[in-house]
Q: 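Mind looking over this structure? Questions follow.
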Amino acid sequence: MTVTTTTATWLAELTDALGADGILTDPDVTASYARDQAMLAPAGVPAAVVFPRRTDDVVAVMRIAARHGLPVVPRGAGSGLAGASNAVDGGITVVMTRMDAVLEVSPADRLAVVQPGVVNKQLRDAVAGAGLFYPPDPSSYDWCTIGGNLSTNSGGLCCVKYGVTTDYVLGLEVVLADGRVLRTGRRTVKGVAGYDLARLFVGSEGTLGIITEATLALRPAPQRPVTLAATFATTAQTGQVVERVVTAGLVPSLMEVMDNTCIRAVDDLLRADLDRSAHALLVAQSDAGGAAAAAEIEALAELCRAAGAQFVHTTEDQAEGDLLLAARRMALPALEQLGSTLIDDVAVPRSRIAAFLDGCDAIAVARALTIGVVGHAGDGNMHPTIVFDPTDADQRARAFGAFDDILELGLALGGTITGEHGVGVLKVDWLEREIGPVALDVHRSLKSALDPAGLLNPGTVFRSAPAGATLGR
């Protein structure tokens with residue numbers, strides 16, 4: 001690799017700090033760390049990819065970056081769907097996967113202390129032996145990392161009952177842009193000393209600091225679930241059930257929806273004998289335990305029948321329930337069999353789910369594209385997925401037009417442009433439309449206070465203020 005003297009200097013400093021096995025510079029190799037799963041989001045090629053093993057390594061990287069004015073992009077497993085870990089040309093990508101230790105599990109305090117490279121499922125398995133449970137479960141839970149989950153404030157299938165990642169964050173260790181180490185939060189159940197800085201970093205998508213350790217709250221292990229599957233001929237029926245679940249006070253541990261496009265795609269992939277004529281499939285579970293779970297699911301089944309469901313099935317068989325969830329989790333891989341995908345992530349009020357599904361159908365017709373919708377019906381977080389041929393310029397343009405149409409629809413229904421994937425680089429232009437100029441100014445002020453040189457993940461979440469602009473005006 002040909003480098004300038006300046007580049008050679010900081011590369012040598014990184015090598016000295018992390019060792020030869022802790023840095024990659026071959027552009028053919030570093031290119032594989034250029035982007036996450038948002039394949040159409042813009043990405044550069046990093047000049048170096050580094051693999052810290054401890055907090056001191058991250059401190060060293062940030063001090064070198066600050067000294068030389070280098071952009072730094074934190075990265076986990078690369079499972080993100082908004083381009084939040086996409087590389088910057090000539091910068092440093094910091095891959096956190098070697099910091100993968102579960103440092104502590106405390107049953108008495110119901111908490112775990114972990115490094116950011118721990119895989120979500122690895123943490124679940126580590127605490128299960130103590131009868132405990134870490135609820136956040138993104139669809140990629142078997143390979144996404146806790147650090148990435150923290151960065152985007154990930155959700156998952158269980159959010160309707162258990163909440164999202166931030167609800168389980170007690171404390172964080174964060175390396176700041178200048179290399180200082182911030183420890184914030186607590187190990188206690190309650191604590192209100194000072195600003196809640198821990199939650200400031202959750203969902204900041206690597207723009208404010210690099211998380212190197214997390215203290216996470218745990219829950220008692222859930223009981224064996226009871227599962228429901230129901231199919232509907234109309235979106236109105238599906239939406240009616242979701243709304244009545246809320247008003248009836250039912251709190252299933254998950255409630256997922258798939259539209260007809262997703263049903264057919266999954267059935268083609270898995271040969272799962274799904275009802276290909278159904279307009280929507282609702283899958284729900286209750287982990288309340290024993291008779292309570294059975295009663296909750298039966299109450300939900302009655303709501304489905306009252307709404308005119310074509311088919312309602314409940315089961316206490318764990319294997320059958322797992323198969324139904326597997327079908328739901330395979331929705332995106334199934335759609336990927338049809339072509340390249342552009343995945344949206346819009347959350348709407350639960351009372352507007354039916355209107356959102358119908359709106360996505362209308363967008364698919366108007367743009368002459370296949371759009372499959374799968375989502376977390378229990379909390380209104382929908383994932384419309386646009387299928388198209390990226391080599392066809394017209395299809396590509398229509399796909400991005402549909403992506404914007406979906407965001408516009410979500411906002412018009414009182415929703416948000418992202419429920420769990422983050423803004424990343426895909427939705428930068430949409431953030432101000434949702435939060436407004438005052439909130440955007442506050443974002444920029446916080447960024448400027450913690451990262452005045454703008455080194456951390458530049459261009460992610462929002463763009464820098466225009467030249468000559470003054471914050472606060």
Q: Using a 4.5 Å cut-off on heavy atoms from C-beta on, say whether the side chain of Asp345 contacts that of Asn381.
A: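 Yes, their side chains come closer than 4.5 Å.
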
Q: Would you say Asn457's side chain and Ala84's backbone share a donor-acceptor pair under 3.5 angstrom?
A: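 Present.
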
Q: Determine, stepwise, if the pair Val58 / Met99 fulfils side chain to side chain contact (heavy atoms under 4.5 Å, CB included).
A: CA-CA 10 Å; Val58 181; Met99 294 183 65; 4.1 Å; yes

Q: Quick one: does Ser32's side chain have a donor or acceptor within less than 3.5 Å of a partner on Asp28's backbone?
A: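 No; zero donor-acceptor contacts below 3.5 Å.
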
Q: Output yes when a side-chain donor or acceptor of Glu256 lies under 3.5 Å from a complementary backbone atom of Arg328, and no otherwise.
A: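 No, because the side chain of Glu256 does not come within donor-acceptor range (under 3.5 Å) of the backbone of Arg328.
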
Q: Which pair of non-hydrogen atoms, one from Val105 and one from Ala126, has the smallest distance, and what is that distance?
A: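 Val105 and Ala126 have their closest heavy atoms at CG2-O, 4.5 Å.
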
Q: Any idea which heavy atoms bring Ala221 and Phe133 closest together, and the distance?
A: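 For Ala221 and Phe133, the tightest heavy-atom pair comes out as CA-CB, 3.8 Å.
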
Q: Going by side-chain hydrogen bond (donor to acceptor under 3.5 Å, both in side chains), name the residues that satisfy it together with Arg398, two or more places apart in sequence or in a different chain.
A: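 Only Asp394 meet the side-chain hydrogen bond (donor to acceptor under 3.5 Å, both in side chains) criterion with Arg398.
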
Q: Determine yes or no for a side-chain-to-main-chain donor-acceptor pair under 3.5 angstrom, with Arg186 supplying the side chain and Val189 the backbone.
A: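 Confirmed, Arg186 side chain pairs with Val189 backbone.
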
Q: Closest approach of Asp451 and Ala177, non-hydrogen atoms and distance?
A: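 Heavy atoms only, the tightest pair is OD1-CB, 3.4 Å.
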
Q: Which pairs count as ring pair (Phe, Tyr, Trp, His ring centres under 6.0 Å) when at least one residue sits in residues 335-392, sequence neighbours excluded?
A: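 The answer is His376-His383, His383-His421.
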
Q: What is the distance from atom OG of Ser140 to atom CG of Leu81, rounded to the nearest 0.5 Å?
A: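 The CG atom of Leu81 is 7.0 Å from OG of Ser140, to the nearest 0.5 Å.
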
Q: What I'd like to find out is whether the side chain of Ile435 reaches to under 4.5 Å of the side chain of His443, using heavy atoms alone.
A: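 The answer is yes; the side chains approach within 4.5 Å.
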
Q: Could you report the tightest heavy-atom contact between Gly117 and Thr145, atom names first, then the distance?
A: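 Looks like O-CG2, 3.7 Å.
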
Q: Got a sec, which residues hit side-chain contact (heavy atoms from CB on, under 4.5 Å) with Asp125, two or more places apart in sequence or on another chain?
A: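 Per chain and number, Asp125 pairs via side-chain contact (heavy atoms from CB on, under 4.5 Å) with Lys121.
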
Q: Looking at Arg350 and Gly378, would you say the former's side chain and the latter's main chain have a donor-acceptor pair under 3.5 Å?
A: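 Such a contact is found between Arg350 side chain and Gly378 backbone.
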
Q: Going by an N to O cut-off under 4.0 Å, is there a salt bridge joining Arg67 and Glu13?
A: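 Salt bridge present between Arg67 and Glu13.
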
Q: List the steps, then state whether salt bridge (Lys or Arg N to Asp or Glu O under 4.0 Å) holds for Lys427 with Asp344.
A: CA-CA 10 Å; Lys427 298 181 178 180; Asp344 221 324; 3.0 Å; yes

Q: Among Leu172, Asp109, Val113, Val114, find the one that has a side chain to side chain contact (heavy atoms under 4.5 Å, CB included) with Thr215.
A: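 With Thr215 as partner, Leu172, Asp109, Val113, Val114 yield a single side chain to side chain contact (heavy atoms under 4.5 Å, CB included), made by Val113.
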
Q: Output the distance between atom CE (Met62) and atom CG (Leu455), rounded to the nearest 0.5 Å.
A: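 Interatomic distance, Met62 CE to Leu455 CG, rounded to 0.5 Å: 6.0 Å.
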
Q: According to the side chain to side chain donor-acceptor pair (under 3.5 Å) rule, which pairs have a member within residues 164-182, sequence neighbours left out?
A: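 Checked against side chain to side chain donor-acceptor pair (under 3.5 Å) - neighbours excluded - the pairs reaching residues 164-182 are Thr55-Glu173, Glu173-Arg183, Glu173-Thr212, Asp178-Arg180.
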
Q: Can you find a heavy atom in the side chain of Val169 that is under 4.5 Å from one in the side chain of Leu216?
A: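 They are in contact (side-chain heavy atoms under 4.5 Å apart), so the answer is yes.
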
Q: Is any side-chain heavy atom of Ile23 closer than 4.5 Å to a side-chain heavy atom of Leu18?
A: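 The answer is no, as the side chains (C-beta and beyond) never meet within the 4.5 Å cut-off.
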
Q: Donor-acceptor check, side chain of Ser445 to backbone of Asp441, threshold 3.5 angstrom: yes or no?
A: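 At least one qualifying donor-acceptor pair exists.
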
Q: Any ion pair linking Arg75 and Asp36 (charged N to carboxylate O, less than 4.0 Å)?
A: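 Salt bridge: no.
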
Q: Within the 4.5 Å heavy-atom criterion, are Leu254 and Tyr162 side-chain neighbours or not?
A: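 Side chain of Leu254 against side chain of Tyr162, heavy atoms only: no contact under 4.5 Å found.
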
Q: Which pairs, with at least one residue in residues 201-210 and sequence neighbours excluded, count as a side chain to side chain donor-acceptor pair (under 3.5 Å)?
A: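 Checked against side chain to side chain donor-acceptor pair (under 3.5 Å) - neighbours excluded - no pair reaches residues 201-210.
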
Q: Distance check, rounded to the nearest 0.5 Å: Met258 atom CE versus Ile263 atom CD1?
A: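 So the gap between those two atoms works out to 6.0 Å.
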
Q: Which heavy atom of Leu269 sits nearest a heavy atom of Gln337, and at what distance?
A: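 Taking Leu269 first and Gln337 second, the nearest heavy atoms are CD1-CG, 4.0 Å.
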
Q: Are the side chain of Arg124 and the backbone of Pro135 linked by a donor-acceptor contact shorter than 3.5 Å?
A: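 The answer is yes, because a donor-acceptor pair under 3.5 Å joins these two groups.
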
Q: Checking Arg352 side chain against Gly239 main chain: does a donor-acceptor pair fall under 3.5 Å?
A: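 No: the side chain of Arg352 does not pair with the backbone of Gly239.
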
Q: For the pair Thr15 (side chain) and Leu11 (backbone), establish whether a donor and an acceptor sit closer than 3.5 Å, ignoring hydrogens and angles.
A: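 Such a contact is found between Thr15 side chain and Leu11 backbone.
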
Q: Among pairs that include at least one residue of residues 77-99, which meet side chain to side chain donor-acceptor pair (under 3.5 Å), considering only residues two or more places apart or in two chains?
A: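 Counting only pairs at least two positions apart or across chains, no side chain to side chain donor-acceptor pair (under 3.5 Å) contact touches residues 77-99.
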
Q: Can you name the nearest heavy-atom pair linking Glu213 to Pro116, along with the distance?
A: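 Smallest heavy-atom distance, with atoms named: N-CD, 4.2 Å.
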
Q: Say you draw a straight line from CG of Leu431 to CG of Leu440; how long is it, rounded to the nearest 0.5 Å?
A: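 Nearest 0.5 Å value for the CG-CG distance: 6.0 Å.
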
Q: Using a strict cut-off of less than 4.0 Å between a Lys/Arg side-chain nitrogen and an Asp/Glu carboxylate oxygen, indicate whether Asp57 and Arg54 qualify as a salt bridge.
A: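 A salt bridge links Asp57 with Arg54.
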
Q: Side-chain contact, heavy-atom cut-off 4.5 Å: Val119 with Asp100?
A: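 Sidechains of Asp100 and Val119: no contact.
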
Q: Any chance you could lay out the side chain to side chain contact (heavy atoms under 4.5 Å, CB included) test for Met382 and Asp259, step after step, and finish with the verdict?
A: CA-CA 11 Å; Met382 299 288 106; Asp259 74 355; over 6 Å; no

Q: Pro136 versus Asn149: any side-chain heavy-atom pair under 4.5 Å?
A: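 Contact flag for Pro136/Asn149 side chains = no.
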
Q: Any side-chain heavy atom of Pro138 within less than 4.5 Å of one from Glu420?
A: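 They are not in side-chain contact.
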
Q: How many angstroms lie between atom CD1 of Ile386 and atom CD1 of Ile406, to the nearest 0.5 angstrom?
A: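 Taking CD1 in Ile386 and CD1 in Ile406, the distance rounds to 4.0 Å.
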
Q: Kindly compute the distance separating OG1 (Thr184) from CZ (Arg199), expressed to the nearest 0.5 Å.
A: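 One finds 11.5 Å between OG1 of Thr184 and CZ of Arg199.
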
Q: The test is side chain to side chain contact (heavy atoms under 4.5 Å, CB included); show your working for Val72 and Ile210 and say whether it passes.
A: CA-CA 10 Å; Val72 176; Ile210 299 179; 4.1 Å; yes

Q: Run Arg187 and Leu170 through side chain to side chain contact (heavy atoms under 4.5 Å, CB included) and show every step you take.
A: CA-CA 6 Å; Arg187 290 173 62 95; Leu170 295 174; 5.7 Å; no

